[in-house]
Each structure stands twice: as C-alpha cells, then as structure tokens.
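Let me begin by presenting the structure, written as structure tokens, before commenting on it.
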Amino acid sequence: MSAESVLSLEGVTKVYGEEPPVPALRGVSFSVEAGELVGIVGPSGSGKTTLLHIMGTLERPSEGVVLINGTDAALLDDRKLSYLRAREIGFVFQQFFLAEHATVRENVADGLLYAGVDAELRYQRADEALARVGLEDRSDFKPTKISGGQRQRVAIARALVGRPAIVLADEPTGNLDSATGASIMGLLKELNADGATIIMITHDSELAGQLPRQIRMLDGRVTSDTGAKPATGSMAGGRDQ
C-alpha cells in the first residue's frame with residue numbers, strides 16, 4: 001500500500017455457504033489512492049455488490065487483506081469496525097434511505113451520529129455539506145417535498161458530512177431519469193475535483209466510461225483495470241489485469 005492509498009485489497013476472496021460453496025470474489029487485488037474517481041463495472045452476478053460490502057466493511061472477506069486508510073479491517077472487533085466505518089467511509093445507495101419524517105438538514109446531520117460528534121457540530125457540518133451539493137435552500141424541507149435528484153443530492157451530502165476517506169456510491173443514478181442522472185454524475189465529478197475520493201459501482205459500461213479509471217469485473221474476478229500499476233513486490237493493482 002502506497003502512502004497515498006486510502007483503500008487496498010490483496011487476494012480478497014468471499015465464499016458463501018458450504019454445500020456446495022459459492023465463490024463470489026476470487027482473489028481480488030487493487031489499490032485506490034486519495035483523490036481518485038473510480039468506476040467498478042460489471043454485469044449482474046459479477047461480484048460488484050459483494051465487493052462493495054467488503055470495501056465498506058459491511059462484510060468480512062473469507063481470505064485476503066482489506067486496508068482502509070492503512071488500518072487492517074480484519075484486526076478490528078465489531079465495535080472498532082463500526083467506528084472505522086463511521087469515520088472513514090461514506091455510502092450513497094441507489095435507494096436514498098432518507099428518513100421521511102426528518103428534515104433534509106436532520107437527515108444529513110444523522111450521518112455523524114455514530115462518529116461521536118456533538119449536536120451543534122453535526123448541524124454545522126450538515127449545513128456545509130448541503131452547500132457543497134447546492135441544497136442549502138432546501139435544508140428545512142422534508143424528503144417527500146423535494147425531487148428524486150434532490151433526494152440523491154441529500155444522500156450524497158450525508159455521505160460527505162463526516163469527511164470520509166472514501167465515498168462508495170452504489171448505482172447512484174439507477175433510480176433517476178437520464179437528465180437528472182447526468183446532473184448527479186456532474187456533481188460527483190465536481191466533488192472529486194474538490195478532493196473527494198469516490199468509488200462508483202455500476203452495471204452501466206457507458207456510465208463507467210465517463211470516469212478516469214475503470215475496474216471491470218466478471219465472475220468474481222477483476223478482468224481489467226485502467227489504473228493498474230506494475231507489480232513492485234508490494235500491494236499492486238496490476239496483478240489481476
């Protein structure tokens with residue numbers, strides 16, 4: 001793992017069940033450096049969702065190493081792993097998962113609940129995150145009173161509010177019409193240009209093709225990586241190419 005890597009996977013496998021075992025990931029290795037915008041692309045059943053769960057520490061690998069900002073996730077108990085996740089990882093899902101009874105501002109501030117941040121600072125950071133996604137004038141609205149594209153912007157603000165090392169975006173335009181989806185893609189690119197490290201999971205090759213780096217998956221393996229580097233004896237992204 002290089003000094004700037006915020007995420008490194010080496011030889012990661014994930015097997016479900018025992019009789020017979022079902023391999024979902026088969027020796028996945030790559031690194032993502034701070035400030036990258038990466039698309040992980042592949043058809044249904046390629047292992048993308050499992051990989052998202054492993055990168056987000058929502059599941060543990062069967063074998064291999066997962067380093068989040070230099071921390072080996074396998075060495076942490078559940079409590080410490082939850083704290084690492086709250087501090088270092090922001091999630092954006094296809095389903096917005098916003099609390100309809102809460103305001104936009106409250107939804108974003110809730111992204112800091114598990115990071116141990118006091119209420120005043122939570123709301124201050126929520127206001128800053130909403131300004132970054134252009135929704136400062138919608139902070140007192142309920143999610144039911146704003147558009148789908150605006151709801152996804154709220155979800156992105158919630159992912160950013162903790163200033164995580166990595167934002168994982170799972171099909172972030174999947175529930176949006178093409179014009180709104182294009183605006184969300186534009187926002188993700190702007191946030192990346194401002195320094196956010198973003199990994200986007202998608203089945204859409206055309207969408208992934210807009211991103212500066214694409215990691216393609218099939219049958220639980222990385223089949224190509226446009227950002228792969230030659231192996232140097234340390235963790236290298238190119239071994240699965």
Side-chain angles (χ1 to χ4, degrees), residues 2 4-9 30-42 46 48-49 51-52 55-56 68-69 88-98 104 107-108 111 125-139 143 146-217 222 224-229 237:
S2 74
E4 289 100 15
S5 292
V6 293
L7 171 72
S8 288
L9 287 76
F30 61 84
S31 294
V32 175
E33 295 184 355
E36 282 200 88
L37 175 55
V38 183
I40 295 178
V41 61
S46 62
K48 303 187 309 296
T49 299
L51 181 59
L52 170 74
M55 292 188 298
I68 308 292
N69 238 358
E88 301 287 4
I89 303 169
F91 293 94
V92 179
F93 295 103
Q94 181 176 347
Q95 307 292 337
F96 313 124
F97 295 120
L98 301 177
V104 161
N107 268 281
V108 175
R125 288 196 182 173
D127 291 339
E128 292 169 359
L130 285 168
R132 288 187 75 184
V133 301
L135 284 182
E136 59 267 51
D137 62 340
R138 294 291 188 270
S139 63
I146 58 177
S147 69
Q150 288 172 331
R151 288 196 291 272
Q152 189 60 291
R153 286 174 180 263
V154 174
I156 292 170
R158 183 179 56 195
L160 292 170
V161 72
R163 301 170 184 170
I166 313 160
V167 173
L168 298 176
D170 184 19
E171 303 279 6
T173 63
N175 275 346
L176 305 172
D177 62 70
S178 57
T180 306
S183 75
I184 293 298
M185 282 297 296
L187 173 61
L188 291 174
K189 291 176 182 177
E190 288 173 17
L191 294 169
N192 173 250
D194 286 342
T197 306
I198 301 172
I199 303 173
M200 189 178 82
I201 313 295
T202 182
H203 68 278
D204 189 331
S205 293
E206 185 176 341
L207 204 62
Q210 301 177 32
L211 305 180
R213 179 181 177 188
Q214 302 104 48
I215 297 173
R216 296 184 179 273
M217 296 193 66
V222 173
S224 67
D225 181 353
T226 62
K229 299 176 178 63

| How are the rings of Phe93 and Phe97 set relative to one another: parallel (under 30°), tilted (30 to 60°) or perpendicular (over 60°)? | perpendicular
| Leu130 and Arg138: CA distance, side-chain angles, deciding distance, side-chain contact (heavy atoms from CB on, under 4.5 Å) verdict | CA-CA 9 Å; Leu130 285 168; Arg138 294 291 188 270; over 6 Å; no
| request: For Thr202 and Asp204, indicate whether the former's side chain and the latter's backbone hold a donor-acceptor pair under 3.5 Å. | output: yes
| message | Between Arg163 and Glu88, does any side-chain N to carboxylate O distance fall below 4.0 Å? | response | no
| query | Under 3.5 Å, is there a donor-acceptor pair between the side chain of Thr226 and the main chain of Gln214? | reply | yes
| query | Does Glu36 offer a backbone N or O that forms a donor-acceptor pair with the side chain of Arg213 under 3.5 Å? | reply | no
| said: Are Arg216 and Ser205 packed together at the side-chain level, in the sense that at least one heavy-atom pair is separated by less than 4.5 angstrom? | reply: yes
| said: For the backbone of Gln94 and the side chain of Asn175, can you confirm whether one donor and one acceptor N or O come within less than 3.5 Å of each other? | reply: yes
| message | Minimum heavy-atom separation for Ser5 and Ser31, please, with both atom names. | response | OG-CB, 3.9 Å
| Ignoring hydrogens and geometry, is there a side-chain-to-backbone donor-acceptor pair from Arg153 to Val133 under 3.5 Å? | yes
| request: Could you tell me which non-hydrogen atom of Ala155 sits nearest to which non-hydrogen atom of Phe96, and how far apart they are? | output: CB-O, 4.1 Å
| note | Output for pair (Ser8 OG, Met55 CE), nearest 0.5 Å, gives 12.5 Å
| Identified side chain to side chain contact (heavy atoms under 4.5 Å, CB included) counterpart of Val38 within the set Asp225, Leu211, Val32, Ile201 | Val32
| request: Using the test side-chain hydrogen bond (donor to acceptor under 3.5 Å, both in side chains), find all partners of Thr180 that sit at least two apart in sequence or belong to another chain. | output: Asp177
| query | Looking at Asp170 and Lys48, does any basic side-chain N land under 4.0 Å from a carboxylate oxygen? | reply | no
| query | Is there a side-chain contact between Gln152 and Val92, using heavy atoms and a 4.5 Å cut-off? | reply | yes
| task | Would you confirm whether Asn192, through its side chain, and Gly35, through its main-chain N or O, come within 3.5 Å as a donor-acceptor pair? | result | yes
| Close side-chain approach of Leu9 and Leu51, heavy atoms under 4.5 Å | yes
| Closest non-hydrogen atom pair between Phe91 and Ala159, with its separation | O-CB, 3.5 Å
| field | Separation between CD1 of Ile198 and CG of Leu191, rounded to the nearest 0.5 Å | value | 5.5 Å
| field | Value rounded to 0.5 Å, distance of CG in Leu188 from CD in Gln210 | value | 10.5 Å
| said: Using 0.5 Å steps for rounding, measure from the CG atom of Asp127 to the CD atom of Glu136. | reply: 9.5 Å
| message | Would you say that Thr197 contacts Val167 through its side chain, given a criterion of any heavy-atom pair below 4.5 Å between the two side chains? | response | no
| To the nearest 0.5 Å, what is the distance between CG (Leu187) and CE (Met185)? | 10.5 Å
| field | Check: Val6 and Glu33 side chains under 4.5 Å, non-hydrogen atoms | value | no
| message | Side chains of Ile215 and Val41, heavy atoms from C-beta outward: is any pair under 4.5 Å? | response | no
| said: With heavy-atom distances below 4.5 Å as the criterion, would you say the side chains of Leu168 and Ile89 are in contact? | reply: yes
| task | May I ask you to decide if Gln150's main-chain N or O and Ser147's side chain share a donor-acceptor pair within less than 3.5 Å? | result | yes
| message | Looking at every heavy atom in both Ile184 and Pro172, which two are closest together, and how far apart are they? | response | CG2-O, 4.4 Å
| Is there a side-chain contact between Met200 and Ile40 (heavy atoms, below 4.5 Å)? | no
